[in-house]
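Below is one structure, written out as structure tokens; comments come after it.
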Amino acid sequence: MTRGENQSLQAALSFRPSQTTISALFGGFGTLSVPDFQRDYAWDDAAVSVFIDDVERCRRRRQASTPLPHFFGAVVTSPGEVSGTSRPHLIIIDGQQRLATVFMLITTLRRQYQRAETTARGSGDAEELAAYFGARAENLTHAFECAQDIEFKSQKSVRKLILNKADDPFFARLLAQEDRTPTRASHKRLEKANSAIESYLNGLQSRAENQEDIRRILDSLYVVFLKDWLIVQLAAGTDREANRIYRVLNSRGVPVTNTDLLRASTLELAAKKLENNDIDAMAQDWDMILAATQLGPDDALDAAFYSRTGIARQKNAPIDQLEEELFPLLQSDEKPTTEEAQEVFRTVGQLRRDVEQLSTIASGQICQPAHDRFTPVFRSRFDALTAVLNQSYCIPFLHAAACLEPRAYVSVCDLVERFSFRYGVVIRAPIHALEPVFEAHIRTLRANPRDFRISDLKRDLTTLISAYAGNDLFKERLLNLEYGRDTRKPLRYALVMIEHMSRWYGENPQGTPTCRDVTRVIDFRSITLEHIEASNSVNLDPQLTPYINSLGNLTVMSQAENDAVANKSFEQKKKVFSKSDLAINRAIAEYDTWNLESFKTRQQDLLDQCMAIFSI
């Protein structure tokens, strides 16, 4: 058992668990709040839909007099205080998604009772029922929505559930049905959840034939809330105990990610020692990390960790290693100093910058400033490696290598790109065998970039090629690459690279393959594959039928050229090929006819070029 797991177990043993109802939690004398360091509202449409399905299932059983208790999971709380009042208060460490959604249901149910009261009073002959609806609405407000602060010579009503600082102002206006504009993704989720709940209740009422039907429907929900929704409340003695159990408890709802956990822990620490401006800045840094859409928050965090430390983490690995290397203070029982808190603040800021750069690389763009060495062709090939061929395992190393001067970085990217196509795309060799190579070179780059040698990287990659992607196997796999849904990108990439290197190969194919025209960009994303002889072409040579989808019978063309040749005969296509801007197509036009012999000659030529281009 790790140290972190042992601490979590010890914390769990000090909890006071008790089974209760959600109504009892809200119906106490005190209030509840989500601390600012906790994540924002995260339930999406699917989670809210499941919640509504659970509510409706309980409502039907209650209305049929066969009630069905429903367990809504665990809620972790720790004791809290509200400045200027003696009101009892609990901090919600886990369970805020459920409680916020239930609270929206309570306020919506109360408004439905108020609407029913107005309708009943307007009918003129249902005063008793109107009074009943009004009493129900008042009860929901005073028993579950609001608490009373009673101090010397003053009394005021306060909302029983307060969300974190990022969400609560919007949440308050949403509940009060006031004008509001969502400014965060969590606001939009709150808005959609509330709308879904309103639609559900409106739909129930639309089926009612009279006021008595409405009463039965609303009361069934009221009693369900009052009696049927069970939770286990885990009441911790301290915030620290609550946060430890939060790390190992995730009984329902949107899974808690490592990024969520680190955000909560670092912001909790910051709240004790840093100024509000620094706390807000740290929260914004975490918001940006959580919004990393190219890689996903946890994958982005792992990539940043890999790029900084040279340690490749396994997917869904526990958080302990991240804390130990990045935030060792979080594993200490000692109270942090202000300087230590500032160091955590700086580390989070560096993580945010790393994640921004890694996301840029993952989108197919370099993260360095513009430079003459970063030619249009280089940028296009970089995009092909990370975004088109999706060789994401290269991203942390490419990020670490970005500290090199531009000329060296271009050479590194060229080497990694050509290696990755052969090793990762065509052969699909084991990535775990590559990890120690990248790890070692990342550590060198981070320790002192001047000690990094491209020749050392080339030596290590050549060793992997010899072990897993030798020439015979590479040729065999290239020959087996046939046009299909999963192979279109690799085939397109290979043909574009052959075009890029055509002058180098035709003039003197020695040394590192080099594109001699660095300004002519062939867009890997938009260029199309075209069959030289299509399966539905006129007068198809039956000898070519088995090879229709093979590399030797394929080429690349712009969409306009592709449309022009369509399924025409080879003689008609030759006219388009001969006028093409691409040397690879002009070479096809030199064949007198397209038959099995022509195909075999071209296939061998393309294989020879691939062997030259993708040799390390």
Query - Check against side chain to side chain donor-acceptor pair (under 3.5 Å), Ser307 and Arg446 - result: CA-CA 9 Å; Ser307 172; Arg446 291 304 186 186; 2.8 Å; yes
Could you tell me how the ring of [X] sits relative to the ring of [Y]: parallel (under 30°), tilted (30 to 60°) or perpendicular (over 60°)?
{"X": "Phe524", "Y": "His500", "value": "tilted"}
{"X": "Tyr409", "Y": "Phe382", "value": "tilted"}
{"X": "Phe421", "Y": "Phe614", "value": "tilted"}

Does the pair [X]/[Y] count as a salt bridge with the N-to-O cut at 4.0 Å?
{"X": "Lys573", "Y": "Glu533", "answer": "no"}
{"X": "Arg346", "Y": "Glu343", "answer": "yes"}
{"X": "Glu507", "Y": "Arg516", "answer": "yes"}
{"X": "Arg189", "Y": "Asp45", "answer": "no"}
{"X": "Arg308", "Y": "Asp354", "answer": "yes"}
{"X": "Asp260", "Y": "Arg263", "answer": "no"}
{"X": "Arg381", "Y": "Asp414", "answer": "yes"}
{"X": "Arg520", "Y": "Glu499", "answer": "yes"}

Could you measure the distance from the [atom1] atom of [X] to the [atom2] atom of [Y]? Nearest 0.5 Å is fine.
{"X": "Arg450", "Y": "Leu445", "atom1": "CZ", "atom2": "CG", "value": "12.5 Å"}
{"X": "Lys458", "Y": "Ser411", "atom1": "NZ", "atom2": "OG", "value": "10.5 Å"}
{"X": "Ile395", "Y": "Tyr306", "atom1": "CD1", "atom2": "OH", "value": "11.5 Å"}
{"X": "Thr266", "Y": "Phe327", "atom1": "OG1", "atom2": "CZ", "value": "5.5 Å"}
{"X": "Asn549", "Y": "Leu554", "atom1": "CG", "atom2": "CG", "value": "7.0 Å"}
{"X": "Glu417", "Y": "Thr386", "atom1": "CD", "atom2": "OG1", "value": "10.0 Å"}

Could you tell me whether a side-chain N or O of [X] sits under 3.5 Å from a main-chain N or O of [Y], the two making a donor and an acceptor?
{"X": "Asn480", "Y": "Glu476", "result": "yes"}
{"X": "Gln294", "Y": "Ser359", "result": "no"}
{"X": "Gln97", "Y": "Ala42", "result": "yes"}
{"X": "Asp541", "Y": "Trp594", "result": "no"}
{"X": "Asp167", "Y": "Tyr41", "result": "yes"}
{"X": "Arg418", "Y": "Ile613", "result": "yes"}

Heavy-atom pair of closest approach, residues [X] and [Y]:
{"X": "Leu398", "Y": "Cys413", "value": "CD2-SG, 3.9 Å"}
{"X": "Ala362", "Y": "Ala387", "value": "O-CB, 3.9 Å"}
{"X": "Tyr547", "Y": "Asn553", "value": "O-CB, 3.6 Å"}
{"X": "Ile427", "Y": "Tyr468", "value": "CG2-O, 3.4 Å"}
{"X": "Ile279", "Y": "Leu274", "value": "CD1-O, 3.5 Å"}
{"X": "Val425", "Y": "Arg428", "value": "O-CG, 3.7 Å"}

Can you establish whether the number of heavy atoms outside [X] located under 6.0 Å from its atom [atom1] is more than 12?
{"X": "Asp372", "atom1": "CG", "value": "no"}
{"X": "Glu597", "atom1": "CD", "value": "no"}
{"X": "Asp563", "atom1": "CG", "value": "yes"}

Query raised in the report: Given the rule in the side chain to side chain donor-acceptor pair (under 3.5 Å) test, do Asp460 and His441 qualify, once you have shown the distances and angles that lead to the verdict?
Result: CA-CA 10 Å; Asp460 293 341; His441 289 286; 2.7 Å; yes
Report yes if the side chains of [X] and [Y] come closer than 4.5 Å at any heavy-atom pair, otherwise no.
{"X": "Lys489", "Y": "Asn390", "value": "yes"}
{"X": "Trp504", "Y": "Cys515", "value": "no"}
{"X": "His187", "Y": "Thr183", "value": "yes"}
{"X": "Val388", "Y": "Tyr493", "value": "no"}
{"X": "Leu301", "Y": "Thr257", "value": "no"}

Query raised in the report: Could you walk me through whether Arg459 and Asp456 pass the salt bridge (Lys or Arg N to Asp or Glu O under 4.0 Å) check?
Result: CA-CA 5 Å; Arg459 177 202 62 216; Asp456 293 341; 3.3 Å; yes
Query raised in the report: Which one of Asp298, Leu322, Val355, Ile319 satisfies the side chain to side chain contact (heavy atoms under 4.5 Å, CB included) criterion with Thr259?
Result: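 Result for side chain to side chain contact (heavy atoms under 4.5 Å, CB included) with Thr259: Asp298.
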Report task. Report the C-alpha separation of Ile311 and Ile442 in whole Å, then their side-chain angles, then the decisive distance to 0.1 Å, and conclude whether the side chain to side chain contact (heavy atoms under 4.5 Å, CB included) test is met. Result -> CA-CA 9 Å; Ile311 301 173; Ile442 286 173; over 6 Å; no
**Report entry** Results of ring pair (Phe, Tyr, Trp, His ring centres under 6.0 Å) for Phe397 - residues two or more places apart only
**Finding:**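 With neighbours one apart ignored, the set is Phe438.
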Requested in this report: Carefully, step by step, assess Gln350 and Thr347 under the rule side chain to side chain donor-acceptor pair (under 3.5 Å).
Outcome: CA-CA 5 Å; Gln350 183 60 61; Thr347 301; over 6 Å; no
Requested in this report: Show your reasoning for whether side chain to side chain contact (heavy atoms under 4.5 Å, CB included) applies to Val565 and Met557.
Outcome: CA-CA 10 Å; Val565 297; Met557 308 183 81; 4.0 Å; yes
Report task. In sequence, state the C-alpha distance, the side-chain angles, and the governing distance for Asn471 and Arg422, and then conclude on side chain to side chain contact (heavy atoms under 4.5 Å, CB included). Result -> CA-CA 10 Å; Asn471 287 345; Arg422 178 169 179 159; 2.6 Å; yes
Report task. Take Arg525 and Asp383 through the test salt bridge (Lys or Arg N to Asp or Glu O under 4.0 Å) and record every step on the way to the result. Result -> CA-CA 9 Å; Arg525 294 175 183 262; Asp383 174 61; 2.7 Å; yes
**Report entry** salt bridge (Lys or Arg N to Asp or Glu O under 4.0 Å) between Asp581 and Arg586, worked out
**Finding:** CA-CA 8 Å; Asp581 292 334; Arg586 294 195 298 273; 5.7 Å; no
**Report entry** salt bridge (Lys or Arg N to Asp or Glu O under 4.0 Å) partners of Glu356, counting only residues at least two apart
**Finding:**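 If we apply the salt bridge (Lys or Arg N to Asp or Glu O under 4.0 Å) test to Glu356, skipping adjacent residues, the hits are Arg352.
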Report task. Please test Thr519 against Asp517 for side chain to side chain donor-acceptor pair (under 3.5 Å), starting from the C-alpha separation and ending with a verdict. Result -> CA-CA 6 Å; Thr519 60; Asp517 188 350; 3.1 Å; yes
Requested in this report: Quick one: list whatever passes side chain to side chain contact (heavy atoms under 4.5 Å, CB included) with Thr463, sequence neighbours left out.
Outcome: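 So Thr463 forms no side chain to side chain contact (heavy atoms under 4.5 Å, CB included) with any residue.
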